[in-house]
Amino acid sequence: VAPLRRADDAVEIDTTDLSIEEQVSRIVAAWARRHPEPVSFDYRLHQVVIGLFGRLCLGMRVEGAQRVPMAGGLIVAANHKSYLDPPLIGAAIPREIHYLAKRELFEMPVLKHWVRTHNAIPVRRSGFDRAALQECLRILGRGGATLVFPEGTRILRHALGEPREGAAWLAVRARVPVLPVLLRGTWAGERRWFRPGGLRIRIGDPFLPPPAPPGPRDRGHLARVAEGILHRIAALETNTDSA
């Protein structure tokens, strides 16, 4: 009498084996793809140029781009192997992002123009740069996206490094989804030029880290959140689902 039929513009989401949090993230991401935030012309040009370089010279392959929420505050958390990582992730993520870059890059004649025009935020590598993280909080608060490296610096080996608390502090304070991203093929020791699939960027499901417990500040909580973020990145190594 009244058969159930999908609407012509419906989006089908397979929720098998997904937590409630992951289901909500995919629903929000599906909505946001139809209502994307505007991207500046300069940033879009950088995405196109770096994307071509990545595909033609490094054989870049991106998996899971459909999981990226296209609106609202977002922390993109990735492992770090090379100075190529920020622009390559910027080309793989289909929205405009900001990222932290060490202050020394803003003084190099060749790179300073690039980092300034590519939404870089100067950060002091020694200690805890609260000013840089506060700038990230302002960007997230107005619905922007920031790229952070939970390891804190480049790890020049295949394995992941130890988690630092900067990314965890930002995730706990901002209370926005964290998008785990795994890169393979940018480190000089594993880089393969002109080989299809030589560079892989795998994007996981966004998730919300647990909020800080009530009462006095718990430094152990930040350490647990930092480990959890890095664990999500590491889990992408064996996750072959690119749908």
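All values derive from a computational prediction rather than experimental measurement.
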Got [X] and [Y] here, is their nearest side-chain heavy-atom distance under 4.5 Å?
X	Y	value
V68	I203	yes
R184	H158	yes
M70	P94	yes
M60	I201	yes
W193	C57	yes
V76	V178	no
I233	V181	no

### Message
Testing L147, L100, V123, I75 one by one against C136 for a side-chain contact (heavy atoms from CB on, under 4.5 Å), which residue passes?
### Response
L100
Report the distance from atom [atom1] of [X] to atom [atom2] of [Y], rounding to the nearest 0.5 Å.
X	Y	atom1	atom2	value
L45	I50	CG	CD1	9.5 Å
L222	R164	CG	CZ	14.5 Å
D85	Y99	CG	OH	11.0 Å
F149	H80	CZ	NE2	4.5 Å
L84	F53	CG	CZ	5.5 Å
W187	R157	CH2	CZ	9.5 Å

Return the minimal non-hydrogen interatomic distance between [X] and [Y], and the atom names on each side.
X	Y	result
A78	L183	CB-CD1, 3.8 Å
L88	G54	CD2-CA, 4.1 Å
P206	P177	CB-CB, 4.0 Å
A77	P150	CB-CG, 3.9 Å
A168	A226	CB-N, 3.6 Å
P209	V225	CB-CG1, 3.9 Å

Where the side chain of [X] meets the backbone of [Y], is there a donor-acceptor pair that is under 3.5 Å apart?
X	Y	answer
Q47	I93	yes
R95	P69	yes
R191	T186	yes
H221	P210	yes

### Task
Could you please spell out the steps behind the side chain to side chain contact (heavy atoms under 4.5 Å, CB included) verdict for E96 and N119?
CA-CA 9 Å; E96 190 164 348; N119 295 342; 2.9 Å; yes
### Query
With the threshold set at 4.0 Å, does a side-chain nitrogen-carboxylate oxygen contact exist between E190 and R192?
no
### Message
I'd like to know if E227 pairs up with R224 as an ion pair, taking the criterion as any Lys NZ or Arg NE/NH1/NH2 lying under 4.0 Å from an Asp or Glu carboxylate oxygen.
### Response
no
Do [X] and [Y] land in one hydrophobic cluster if side-chain heavy atoms of ILVMFWY residues count as linked below 4.5 Å?
X	Y	value
V172	F207	yes
L58	F194	yes
I155	L230	no
L133	I229	yes
Y43	L179	yes

### Query
Do N79 and E151 have side-chain atoms, one donor and one acceptor, less than 3.5 Å apart?
no
### Task
Begin with the C-alpha distance, continue with both residues' side-chain angles, and end with the deciding distance and a verdict on salt bridge (charged side-chain N to carboxylate O under 4.0 Å, His left out) for E12 and R6.
CA-CA 9 Å; E12 182 176 352; R6 280 193 346 177; 2.9 Å; yes
### Query
Taking it one step at a time, do L199 and R61 satisfy side chain to side chain contact (heavy atoms under 4.5 Å, CB included)?
CA-CA 6 Å; L199 166 62; R61 186 177 70 221; over 6 Å; no
### Message
Is it true that, when you exclude D9 itself, more than 12 heavy atoms of the residues, nucleotides or ligands shown sit nearer than 6.0 Å to its CG?
### Response
yes
### Query
Considering residues, nucleotides and ligands other than R138, do more than 12 of their heavy atoms fall under 6.0 Å from its CZ?
yes
